[in-house]
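So the structure is just underneath, and the comments pick up after that.
Counting convention: from 1, in listed order, for ligands and their atoms alike. Everything numeric here is computed off the predicted structure, so don't read it as measured data.
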Amino acid sequence: MNKIKNKYILLPVITAIFSLVFLIFVSNTFKISTDKLYIDFLKDASSKNISTVYVTTSPKIQVKLKDGSIYETDNPRTNNFKENLLKDGINVSEQTLTNPAEVASIAGFIISLVVLGIMAFKSSKIKTKSMFSATNLDVACVEDIGFNFDNVAGNEEAKDSVQDIVDFLKNPDKYSAYGARMPKGLILYGDPGTGKTLLAKAVAGEANVPFYAVSGSDFVQIYVGVGAGRIRSLFKKARSHGKAVIFIDEIDAIGKKRDNGSGGGSDEKDQTLNALLTEMSGFNETEGIIIIAATNRLDMLDPALLRPGRFDRHIEVTLPDVSAREKILKLHLKNKPIKDIDYSEWAHKTTSFSGAKLENLANEAAIIACKDNSCFIENEHLDKAYSIMLAGYEKVDRGYIKDNDRKITAFHEAGHALISLKVLPNDKVSKVTIIPTTKGAGGYTLSIPEETLYHNKEHLKKKIMVLLGGRAAEEIIFGQDHVTTGAYNDLQRSTQLVTSMVTEYGMGESLGLLTMGKLSDSGLANQEAVFSECKDLISELYEEVKNILTDGKEVLESMTDLLIQKETICYEDLINIVGEKSNIVA
Ligand code: ADP
Ligand code: ZN
């Protein structure tokens, strides 16, 4: 196609060259060859032979005789030259005499240049377009995906929900005999890393059909119409195979709810979405093509996508629970050299980890074991990997840290740890350290939150108290004027929690059961009252924390001493200290 264009582009090039050559030729030959003396000109004038005189500012004037012949002569440059000629009945033109052939060739040259420009512009557009165009879209198609349900641990409900799809892909005839209509599309929704892509691959693998994967963000292009073209070519490709699973990751990139507020600029998205919907309604349920889309948020999607006949099956893929986490960890450590790993303990420690994070944990542990030249992957490697994932790498060079800073960090962390032990005994504090991390923390306290579906008001308050423990310890030990910036992150998180309680969870006084988001939509929010309630609540909790720490100052100091001495202490160390001290008190 481009070759043909190139041939056409030769045409204006040739005419341009031709007219240029012609112009040079004409202007050379058409030179007004005859040059007469001024006296002869005056003679011609007096004998009324002249039809027109061409006068310009140039030193020569051109004279056209009545018989058509032309000659040049000197420009007298007298003031009333023109007037005299006019009086003699001679036409005077103030333009140079031009040859029509010359004019024609100049015009030809300019026109062919313009045509050339337009053609070049057009072909460059074609080129860039084809660069992004559907034909060049890399749809990763995998014939034998090599995944099946064995690769997906946990997610039992989701697996169940796609079982019939697999069956249908295997024998569509069976379903059409019953007149059953299979969903054309399904949407997997849930947090990132929960295994949505994995599940889609497993469906293709189980059914043994090709797997086409694209991402919604691939379709978002600058050129209107390109996205739509890509969708069409994707479907064309898939249909050429007969059966297939088409996977569209991040469907929200093209199928986001159209909100009226931010109009404009969504033309492209709309076209792509419409193309998708058209393609989906274009093929038959019995063809054996299933479209699986994934998104983090189902509620963000355009309702047009979710209607019957489109993506009409919605499957939630949730974060794994304890037993699923154990299975996922086992799966990812299966073919690795492991020794004495307590899977159930690790499953408990990894609350709110996604499948992807667990895979990462196993992999990170393997890397650490390899670096250590250890024969096996053991608990300690998982431990290190776990800390790295949660807090970042430990800083190796710690010589620069001043003793006073270490002391501040130790009291701060001990404050968190002590409050956690006192108010949330079910969240096991597994590690307290004053080794700074590459993520910027001076130290950290790691606790394993209890697995629950909901958090009640009391629990949230206690969590806030744990967050405030660090700053409170600093204040008690060093005085109000010596508190540090180390609590920055803690304060951000506690502020977030307090405001959520009051404005979103219906746990406050000023709004009661109303939520701030909806209220401000209607312009009803009373921010003053909410603000002072949040502030009062956090101050009240802070006082409580300070009381607990003041009462347990001895324990706090022992913890700090041990921290400064060992840098990192674990749950058993903490229990020892608390146990000892409480014995003394008792
Ligand atoms: P999503 O598409 O939901 O963001 P992915 O499917 O891309 O998540 O998951 C990323 C990786 O996490 C997978 O390749 C896999 O290694 C791991 N993973 C996630 N969930 C599971 C699971 N249920 N079982 C086994 N591995 C999982
Ligand atoms: Zn802190």
Side-chain angles (χ1 to χ4, degrees), residues 145-159 162 187-205 211 213 215-216 247-252 292-297 315-321 323-335 347 350 353-364 391 408-420 429 432-434 436-437 439-447 463-475 483-494 545:
I145 186 90
F147 274 94
N148 56 32
F149 283 153
D150 291 343
N151 296 96
V152 188
N155 278 345
E156 300 304 335
E157 298 84 2
K159 277 196 270 185
V162 294
I187 289 192
L188 304 175
Y189 65 98
D191 289 327
T194 43
K196 299 181 288 291
T197 313
L198 197 65
L199 195 63
K201 281 183 186 168
V203 169
F211 180 75
S215 171
F247 179 65
I248 307 177
D249 205 359
E250 299 176 49
I251 183 89
D252 34 299
I292 302 181
T295 179
N296 298 340
R297 301 262 315 263
I315 299 167
E316 185 176 15
V317 186
T318 51
L319 284 175
D321 58 12
S323 71
R325 289 201 296 274
E326 192 170 333
K327 286 183 203 154
I328 295 173
L329 262 182
K330 271 187 188 155
L331 181 76
H332 288 291
L333 286 170
K334 196 172 59 187
N335 297 320
T350 46
F353 267 46
S354 66
K357 257 188 165 176
L358 289 166
E359 192 270 338
N360 194 228
L361 176 68
N363 187 49
E364 199 69 51
I408 294 169
T409 313
F411 270 110
H412 179 107
E413 297 307 330
H416 284 307
L418 182 54
I419 297 295
S420 183
V429 181
V432 186
T433 179
I434 55 165
T437 68
K439 280 191 185 168
Y444 58 91
T445 301
L446 210 65
S447 63
K463 269 183 87 161
I464 297 168
M465 286 171 73
V466 174
L467 286 168
L468 297 174
R471 163 56 67 88
E474 286 180 36
E475 187 183 327
V483 293
T484 70
T485 52
Y488 173 69
N489 188 260
D490 300 335
L491 296 182
Q492 285 213 313
R493 286 164 63 192
S494 51
V545 169

K330: which of E326, H332, K334 passes side chain to side chain contact (heavy atoms under 4.5 Å, CB included) |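 Passing option: E326.
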Under 4.0 Å from ligand 1, counting heavy atoms only: the protein residues, by chain and number | N151, V152, A153, N155, P192, G193, T194, G195, K196, T197, L198, I328, L331, H332, G355, A356, E359
Does [X] reach the side chain of [Y], with side-chain heavy atoms less than 4.5 Å apart?
X	Y	answer
N360	F353	no
T295	L188	no
I328	E359	no

Could you go through the side-chain contact (heavy atoms from CB on, under 4.5 Å) check for H416 and E413 one step at a time?
-> CA-CA 5 Å; H416 284 307; E413 297 307 330; 3.6 Å; yes
Minimum heavy-atom separation for K159 to V152, with atom names?
-> NZ-O, 2.7 Å
NE2 (H416) - the Zn ion (ligand 2) - OD2 (D490) angle, nearest 10° |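 Between NE2 of H416 and OD2 of D490, the angle at the Zn ion (ligand 2) is about 100°.
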